[in-house]
Amino acid sequence: MGRTAISPTLVLVDVLGAVALLLWGLRLVRTGVFRAAGADLRRWVALGTRNRLCAFAAGLAVTLALQSSTATALMAAATAGQGLMGTAAALAVMLGADVGTALVARLLAFDLHWLSPVLILTGGALFAGSGGGGRVRRATARTLVGLGLVLLALRLLAEATQPVRGSDLIQGLLAALSGEPVLAVLVAAAVTVVVHSSLATVLLTASLAGGGLLDLPGAAALVLGANLGGAVPAVLATASDGPAARRVPLGNLAMRAAGVAVALPLVSGWLDGPGSAEATVLLHAGFNAALALLFLPLVGSAGRLAERALPDADAGEEGPGPRHLDESALEAPSVALACAVRETLRLGDLVEDMLRRSLEALRHGDERTMAELSRMDDAVDTLHTAIKLYLVKLGREHLDEADGRRAGEILAFAINLEHIGDVIDKNLRDLAAKKARRGLRFAPEDLRAVEALHARTLANLRTALGIFLSEDRRMARRLVGEKDAVRHLERAAAEDHLERMRAGRVEGIEASALFLDVMRDLKRINAHAAAVAYPILETGGELRGSRLKTHTGFAPLRKRDA
């Protein structure tokens with residue numbers, strides 16, 4: 001019987017399917033580790049603030065766990081962007097991350113295909129036994145299944161390339177690519193950017209070289225391209241961040257580009273002979289080790305160059321956009337919620353500043369202050385929208401009960417802060433403008449009442465921010481009590497004002513209406529601030545269903561009466 005010809009299309013489908021499975025397995029490993037120990041990984045990255053060797057070790061360890069230098073780059077960029085790490089230390093983290101990906105590639109290159117079914121079976125059983133609970137247990141199961149799929153994909157990739165080893169067309173194309181090292185670098189870099197994984201490109205190259213489809217110079221050029229392209233996704237992901245965050249991925253790209261520019265002529269001139277999977281992963285490891293040895297002593301100078309190329313923006317020029325909503329943290333719910341809390345506190349600080357300035361606007365009617373209040377409200381709206389979208393991206397399907405409750409609390413408090421900003425901008429600011437435009441004045445007693453209620457409202461807002469962060473039940477009870485106290489204070493001030501109005505001791509009808517509106521709006525702000533306490537008290541079982549007292553004279557409402 002003659003040998004059955006295999007369709008090139010089927011071979012291509014097999015190869016692409018194996019690559020897709022490899023990428024999916026790597027993603028499962030990364031998300032599993034992130035969800036199980038995301039906060040610990042970020043603390044490891046933060047260890048880089050000690051010295052460059054600690055930073056290098058932290059980057060290496062985190063990348064070994066995540067199997068993704070891009071994820072490490074985003075964490076390092078976020079840490080630097082928040083001012084918790086210098087540029088030089090963050091670049092040292094990236095050198096460690098690059099070496100980490102090389103070590104992962106070396107480990108996966110071992111013939112461990114027999115381990116794949118064991119890992120998938122163990123992970124599947126662990127996930128099935130979690131019963132919908134145990135986030136760490138489910139994340140561990142996800143990691144084991146991901147590792148199993150990676151090993152399975154590598155075996156499928158090797159089998160998929162076997163039919164084309166005798167193809168003159170494929171061999172001719174790869175030979176042409178090997179003869180054009182610059183083109184090979186660019187092709188591998190482009191593929192790496194598309195698949196967002198230099199590790200996947202290196203392993204694919206190793207598989208082709210192991211099958212005899214690539215010679216050693218061609219494999220080396222593709223490995224260099226994979227290293228160059230691996231730095232691009234982090235650059236794209238941080239393009240809209242501040243200068244401090246963008247320096248890290250851009251500096252890493254510059255170091256890799258310099259390394260590729262130096263290494264490409266050397267490997268093209270010195271290397272010769274057939275390729276192999278072993279030689280390919282060793283070239284990858286050697287390139288990154290050499291890069292670390294070359295640049296680790298120079299990260300201080302590299303950091304200063306990056307800071308000179310991307311200087312910090314002036315405080316007045318910094319945009320109103322979010323600073324702490326790290327997209328890379330979405331795979332670790334606890335870390336993502338911490339980011340959302342920080343951004344919501346920043347929103348609260350902005351609203352607090354608005355409230356403080358509103359009193360000056362009411363006192364003096366300064367146009368510059370009122371314009372600033374309007375601009376600040378626009379910033380409040382921007383931050384509120386960003387927080388809401390971030391929590392939507394986080395989703396609910398991977399949150400346990402406690403994290404789901406906290407996500408709801410964050411969203412509710414952000415909404416209430418945005419409502420406070422609207423009350424200040426659309427009510428208090430308009431009232432201040434009306435007061436200035438018509439030359440109205442408060443009676444001395446009314447001005448003192450406004451100042452007293454304003455001071456109490458400002459203090460209550462600050463307390464609300466503290467409760468939001470600490471979830472202190474005792475402070476929550478006190479804030480709810482303050483809401484009742486403010487209601488009584490506003491009512492007493494209104495009654496006193498009306499008594500003086502009847503006695504003819506007020507500035508006029510318009511001033512009277514304006515005073516009552518200001519007091520009402522301050523009471524509304526207090527109500528929005530106090531709302532942060534209710535979820536905390538409800539969780540502790542300290543809330544009644546209604547403030548209404550039971551009255552025996554009325555029958556309960558029936559469905560048909562509603």
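Both backbone and side-chain heavy atoms feed into the values below; hydrogens, waters and symmetry mates do not.
Closest approach of Leu469 and Arg406 over heavy atoms only: O-NH2, 4.1 Å. Taking each heavy atom of Leu362 and Lys435 in turn, the nearest pair found is O-NZ, 3.1 Å. When all heavy atoms of Ala529 and Ala464 are compared, the closest pair comes out as O-CB, 3.4 Å. Counting all heavy atoms, side chain and backbone alike, Ala379 lies closest to Leu350 at CB-CD2, 3.6 Å. Closest approach of Met475 to Ile467, counting heavy atoms only: O-CD1, 3.3 Å.
For Glu360, the salt bridge (charged side-chain N to carboxylate O under 4.0 Å, His left out) partners at least two apart in sequence or on another chain are Arg363. For His419, the ring-ring contact (aromatic ring centres under 6.0 Å, His included) partners two or more places apart in sequence, or in a different chain, are His528. In this structure Ala141 satisfies the side chain to side chain contact (heavy atoms under 4.5 Å, CB included) test together with Leu126, Phe127, sequence neighbours excluded. Every residue two or more places apart in sequence or in another chain that forms a side chain to side chain contact (heavy atoms under 4.5 Å, CB included) with Leu250 is listed here: Val235, Arg246, Leu310. By the side chain to side chain contact (heavy atoms under 4.5 Å, CB included) test, Ala73 is found to be paired with Met94, Ala234, residues two or more places apart in sequence or in another chain being considered. Under the rule for a side chain to side chain contact (heavy atoms under 4.5 Å, CB included), the partners of Arg368 that lie at least two apart in sequence or sit in another chain are Asp366.
Separating the CD atom in Glu445 from the CG atom in Leu447 is a distance of 10.0 Å, to the nearest 0.5 Å. Considering CG of Leu337 and CG of Leu391, their distance stands at 7.0 Å, rounded to 0.5 Å. Here CZ of Arg441 is found 12.0 Å from CG of Asp446. Values are rounded to the nearest 0.5 Å. Here CG of Leu417 is found 8.0 Å from CZ of Phe468. Values are rounded to the nearest 0.5 Å. Here the CG-CZ distance, from Asp98 to Phe56, works out to 9.0 Å after rounding to the nearest 0.5 Å. Here the CG-CZ distance, from Leu325 to Arg342, works out to 10.5 Å after rounding to the nearest 0.5 Å.
Ion pairing between a basic and an acidic side chain is recognised when a charged N comes within 4.0 Å of a carboxylate O; Asp349 and Arg346 show no such pairing. Arg304 has no carboxylate O lying under 4.0 Å from a charged side-chain N of Glu307, or vice versa, which leaves the two without a salt bridge. Ion pairing of Lys388 with Glu418 is absent here, as no side-chain N (NZ or NE/NH1/NH2) approaches a carboxylate O to less than 4.0 Å. Between Lys426 and Asp430, none of the side-chain N atoms (NZ, or NE/NH1/NH2) sits under 4.0 Å from a carboxylate O, so this pair counts as no salt bridge. One finds a salt bridge joining Arg524 and Asp521 here, because a Lys/Arg side-chain nitrogen approaches an Asp/Glu carboxylate oxygen to under 4.0 Å.
Side-chain contact between Leu355 and Ile420 is absent, with no heavy atoms from C-beta onward closer than 4.5 Å. Asp378 is not listed as a side-chain neighbour of Asp425, based on a closest heavy-atom distance of 4.5 Å or more. Proximity of Val486 to Leu522: side-chain heavy atoms (C-beta onward) are nowhere separated by under 4.5 Å. Side-chain atoms of Arg520 and Asn427, non-hydrogen and from C-beta on, do get closer than 4.5 Å to each other. His497 is listed as a side-chain neighbour of Ser512, based on a closest heavy-atom distance under 4.5 Å. Inter-residue side-chain proximity for Leu373 and Ile424 is flagged as met; some heavy-atom pair is nearer than 4.5 Å.
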Criterion side chain to side chain contact (heavy atoms under 4.5 Å, CB included) on Phe515 and Met519, from CA distance to verdict: CA-CA 6 Å; Phe515 165 75; Met519 297 295 283; 3.7 Å; yes
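Around CD of Glu367, the count of heavy atoms belonging to other residues, nucleotides or ligands within 6.0 Å does not exceed 12.
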